[in-house]
*Asks:* 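So that we are looking at the same thing, I have put the structure below in C-alpha cells.
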Amino acid sequence: MCALHLAICPWQDVHIQSKLLSCCVEIMGGWFFGAFADAICTLNTLQTNASALEQVRRERSHPQLQLQAMRSFLERAGLTVENLDHLNIIHVTGTKGKGSTCAFAEQILRGYGFRTGFYSSPHLVQVRERIRINGQPIGKELFTKYFWQVYGRLDETKDAHGGTMPAYFRFLTILAFHVFLQEKVDLAVIEVGIGGAYDCTNIIRKPWVCGISSLGIDHTQILGDTLEKIAWQKGGIFKPGVPAFTVKQPEHAMSVLRDRSKEIGCPLWVCPELEDYQADDGPLRLGLAGQHQRSNASLALQLSHTWLQRRCLPGRTGCESTFELYVSGRKDATGFKPSPIMLKGLADTEWPGRTQTLKHGAVTYFLDGAHTMRSMQACVHWFRETAAQHERNASGPVARVLLFNATGERDSAAMLKLLTPCQFDFAVFCPNITEAIASCNADQQNFNVSVENMLTRCLDNERSWRLHHSPGDNEGTQLLIEDSLPLVLEKKDDTLVFPCILSALRWITQGRDSVVADPAKTVLPVKPSIMAKAAPLCDAAEIHVLITGSLHLVGGALKHLDPASSK
C-alpha cells in the first residue's frame, strides 16, 4: 500500500514520503526487503534527506571532505578502498563524451569474453541502467537484493554517525561497487559523476587506466568557471604510475592536464585521430553516430588496448609496456591495428539517448542529451546532416519540430541560439516530467526542483527562442491547457509550452505515432485553438523531431517511445 502510494505521487512532498515509509516500517515490523518499488522509493528519499543536504552545504566550502565522507560511508556499508583494487578499473572523466567512451570500451572488452561491470550516470528511464553487468542493466531482483544489503548496513550504523545517510549519487556509487564485487566482474568501467578530484568515484586508489574525454564549460558552481579550473578538477583522477589518456584538448586545458600528471606522477598521452588506426577494410565503423564520437572511439581504443596489455591475454607473446613509451618521452599515443574484436566492438556499441534515431512510421525522432555548448554544437551538426539524409528519402514535405528543456545553471538561451539554424517549424518546451497525470514514474522523480520552478524555466526558454526569431515581440499570453496549471502558457504560432513530456509528444505527433497515442495513457486536454495550430504537422508527409537539451528529457521521452525500456 505504502509503496504504491509513493510510486504514483511524483509531485508529493519528500518529507511526507519519508513519514509514510516510517509508518510502513512500524506497521510491518521492519523493512520489506522483497519489494523493488520500496527500494526505488527509499532510494529517492536520499535525494533530499536533511543530513545529506547539510553534508553538501558543508562540503562545498571544503570539497576534500567529500572523499573523507565517501570512505566513511563505504566502510559503513562493509567495504574498503582496498576491496576496490580488485575491480581492475577503467576510470573515465570529461565534460562530454565520457559515457560514450565508456560504452565503447566496455563493448570492446566484453567482446574478449570478460565479465564487465559498467557504472554510469544519469539513467534515462530506470535507475538500474546505471549499474550494468555484461552490458545489461542489473535485473530488478538483483537490484532489490543488493540495495537492501547496502541500505540496511548504512541505516543500522547511522545513529553512531550523527544520523547521516549518503546522498543519492553517493549511495548508488557504493551500491555499484558492492554489486561488481559480489558479481565477480573481471573489470569495472567507472564513469565519473561530476569533475574528478572530489567526485565520490575518486576513492578508487589503483585503477588500471584512466581517460579524459573532451573538456568544456559545465557545472561551473562546483568545478569553476574557466576551462583551466575544470581541467584541474578532471585531472584529479590521475594516480601515481597509472597510465592515462586524453583526447586533444584546448591548449590551456592541455597544459593544466600535463602539469597535473607531472605533479601526481602519472604518465599521460594524447590520443591520435581515428584515421591513424590501421584497418584492413577501410575506415572504422562506429555504432554511435556523429563526428564527435570519433575522438571518443579513439580514447576507448587506447583505454581497452592498455587494459589488455596489463591483463596479458592468453596467447599473446608479450605485453608492450606503456611505461616504456612514457620514459622515452613520447607524449602522443600512436595508432595501432585494432583486432577484429575491437572493430566489432566499436561497430556494435549502443548508447541510448546520444545521437540516437528512432523511426515510428511517419514520425522520426532524433534524440541527443546534449546539455553544454560544445555538445550542443555537435548535436546540431549531427542533426542537420542526419535529418537532411532522411528528408531526401521522404515522400513529401517534412515538418521539423524541436522539443527542448534544460536544467541547472546551464545557459539555455545560448544553446537555443545554436539550434536556430536548424529551421524548425515549431519549438516545443516542457519540463522533465514524463506525465502530468500521476503514474508510476518513481525512477524519474526529482525532489530537488519544484514543479513551479521547472515550468518557469520552460517559459524562460520559450521567451529566449522567440527573441532569437523575432526580437522585440511582446505579444500577450494565453493558457495552453484548459482548466489546468496556470503557469503553462503559449506565446506564438511556432512556440508552445506543455506541462509534461507526454502532452508535448501527443501534440507533436498528432496521432501519427501509435506508440505515443496509446489510449491507456491519458493527458490533460489541450485547447481547440492550440490543436488548430498543428495543421502543418497533419499536412506534412513526415514529422522530424529533435529532442535535446537534457538527458533527463531524452530519458522521459524514451519511456514513451520505447515501452520496453520501462520493463
Side-chain angles (χ1 to χ4, degrees), residues 1-59 66 69-70 72-74 76-77 121-123 125-131 138 140 143-179 193 200 407 432-434 438-451 453-454 552 555:
M1 179 91 128
C2 175
L4 177 61
H5 175 79
L6 297 177
I8 65 172
C9 297
W11 298 348
Q12 186 74 276
D13 186 280
V14 70
H15 302 296
I16 296 175
Q17 291 202 7
S18 298
K19 290 178 181 178
L20 287 169
L21 281 169
S22 298
C23 290
C24 279
V25 175
E26 293 178 13
I27 293 171
M28 299 170 69
W31 296 104
F32 177 46
F33 289 91
F36 173 71
D38 278 351
I40 298 299
C41 289
T42 304
L43 172 65
N44 285 344
T45 67
L46 298 179
Q47 291 184 38
T48 53
N49 75 67
S51 63
L53 291 177
E54 178 56 34
Q55 288 169 23
V56 170
R57 283 190 286 267
R58 186 171 62 248
E59 292 164 3
Q66 295 179 38
M70 184 63 180
S72 174
F73 287 126
L74 190 75
R76 284 171 53 188
S121 62
H123 60 278
V125 181
Q126 299 197 67
V127 70
R128 297 180 293 109
E129 298 166 24
R130 297 184 185 223
I131 304 173
I138 60 172
K140 292 181 179 180
F143 182 93
T144 304
K145 169 186 171 183
Y146 290 130
F147 174 90
W148 290 115
Q149 286 179 2
V150 172
Y151 189 91
R153 292 168 187 170
L154 290 164
D155 188 59
E156 289 166 3
T157 56
K158 70 179 180 182
D159 291 342
H161 292 82
T164 59
M165 290 289 284
Y168 189 87
F169 182 77
R170 219 174 246 174
F171 178 89
L172 286 171
T173 304
I174 296 169
L175 178 61
F177 289 144
H178 178 65
V179 170
C200 64
T407 60
N432 296 337
I433 299 171
T434 55
S439 61
C440 294
N441 296 323
D443 284 89
Q444 295 173 322
Q445 290 177 13
N446 182 352
F447 296 124
N448 295 321
V449 184
S450 71
V451 175
N453 286 343
M454 287 189 278
H552 300 287

*Asks:* Tell me every residue that passes side-chain contact (heavy atoms from CB on, under 4.5 Å) with Arg153, counting only those two or more places apart in sequence or in another chain.
*Replies:* His178
*Asks:* To check you understand the geometry: which heavy-atom pair defines the closest contact between Ile174 and Ala77, and what is its length?
*Replies:*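 For Ile174 and Ala77, the tightest heavy-atom pair comes out as CG2-CB, 3.7 Å.
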*Asks:* Might you point out which heavy atoms bring His552 and Pro122 nearest each other, and give the distance in Å?
*Replies:* CE1-CB, 3.7 Å
*Asks:* Can you tell if the side chain of Val179 reaches within under 4.5 Å of the side chain of Val150, non-hydrogen atoms only?
*Replies:*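 They are not in contact (no side-chain heavy atoms under 4.5 Å apart), so the answer is no.
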*Asks:* Of all residues at least two apart in sequence or in a different chain, which pass the side-chain hydrogen bond (donor to acceptor under 3.5 Å, both in side chains) check with Arg76?
*Replies:*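 Result, side-chain hydrogen bond (donor to acceptor under 3.5 Å, both in side chains) vs Arg76: Thr157, Thr164.
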*Asks:* So which atom in Gly193 and which in Ser121 form the shortest heavy-atom distance, rounded to 0.1 Å?
*Replies:*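 In terms of heavy atoms, the two residues are closest at CA-OG, 4.2 Å.
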*Asks:* First locate atom CH2 of Trp148, then atom CG of Asp38, and finally report the distance between them rounded to the nearest 0.5 Å.
*Replies:* 6.0 Å
*Asks:* To the nearest 0.5 angstrom, please state how far the CD1 atom of Ile138 sits from the CD atom of Gln126.
*Replies:*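 Ile138 CD1 to Gln126 CD: 11.0 Å, rounded to 0.5 Å.
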*Asks:* According to side-chain contact (heavy atoms from CB on, under 4.5 Å), who are the partners of Thr407, at least two apart in sequence or on a separate chain?
*Replies:*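 Thr407: side-chain contact (heavy atoms from CB on, under 4.5 Å) contacts with Asn405, Arg410, Asn432, Ser550.
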*Asks:* Among all residues two or more places apart in sequence or in another chain, which pass the ring pair (Phe, Tyr, Trp, His ring centres under 6.0 Å) test with Phe177?
*Replies:*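 Scan of Phe177 (ring pair (Phe, Tyr, Trp, His ring centres under 6.0 Å), adjacent residues dropped) gives none.
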*Asks:* Under 6.0 Å between the ring centres of Phe171 and Phe147?
*Replies:* yes
*Asks:* For Lys158, which residues count as a side-chain hydrogen bond (donor to acceptor under 3.5 Å, both in side chains) partner, sequence neighbours excluded?
*Replies:*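 In terms of side-chain hydrogen bond (donor to acceptor under 3.5 Å, both in side chains), with neighbours along the sequence ignored, Lys158 is linked to Asp155.
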*Asks:* Could you report the tightest heavy-atom contact between Leu46 and Pro166, atom names first, then the distance?
*Replies:*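 Answer, listing the atom of Leu46 first, then Pro166: CD2-O, 3.5 Å.
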*Asks:* Less than 4.5 Å apart, side chain to side chain, heavy atoms only: is that true for Thr45 and Met165?
*Replies:*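 Heavy-atom side-chain distance check fails, nothing below 4.5 Å.
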*Asks:* Tell me the closest heavy-atom pair linking Leu154 and Phe73, and the distance in Å.
*Replies:*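 Taking Leu154 first and Phe73 second, the nearest heavy atoms are CD2-O, 3.5 Å.
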*Asks:* Given side chains that start at C-beta, do those of Arg128 and His123 come closer than 4.5 Å, heavy atoms only?
*Replies:*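 Sidechains of His123 and Arg128: no contact.
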*Asks:* Atom CG in Leu175, atom CZ in Arg130: separation rounded to 0.5 Å?
*Replies:* 11.0 Å
*Asks:* Between atom OH of Tyr168 and atom CG of Leu172, what is the distance when rounded to the nearest 0.5 Å?
*Replies:* 5.5 Å
*Asks:* Which pair of non-hydrogen atoms, one from Ala39 and one from Phe143, has the smallest distance, and what is that distance?
*Replies:* CB-CE2, 4.2 Å
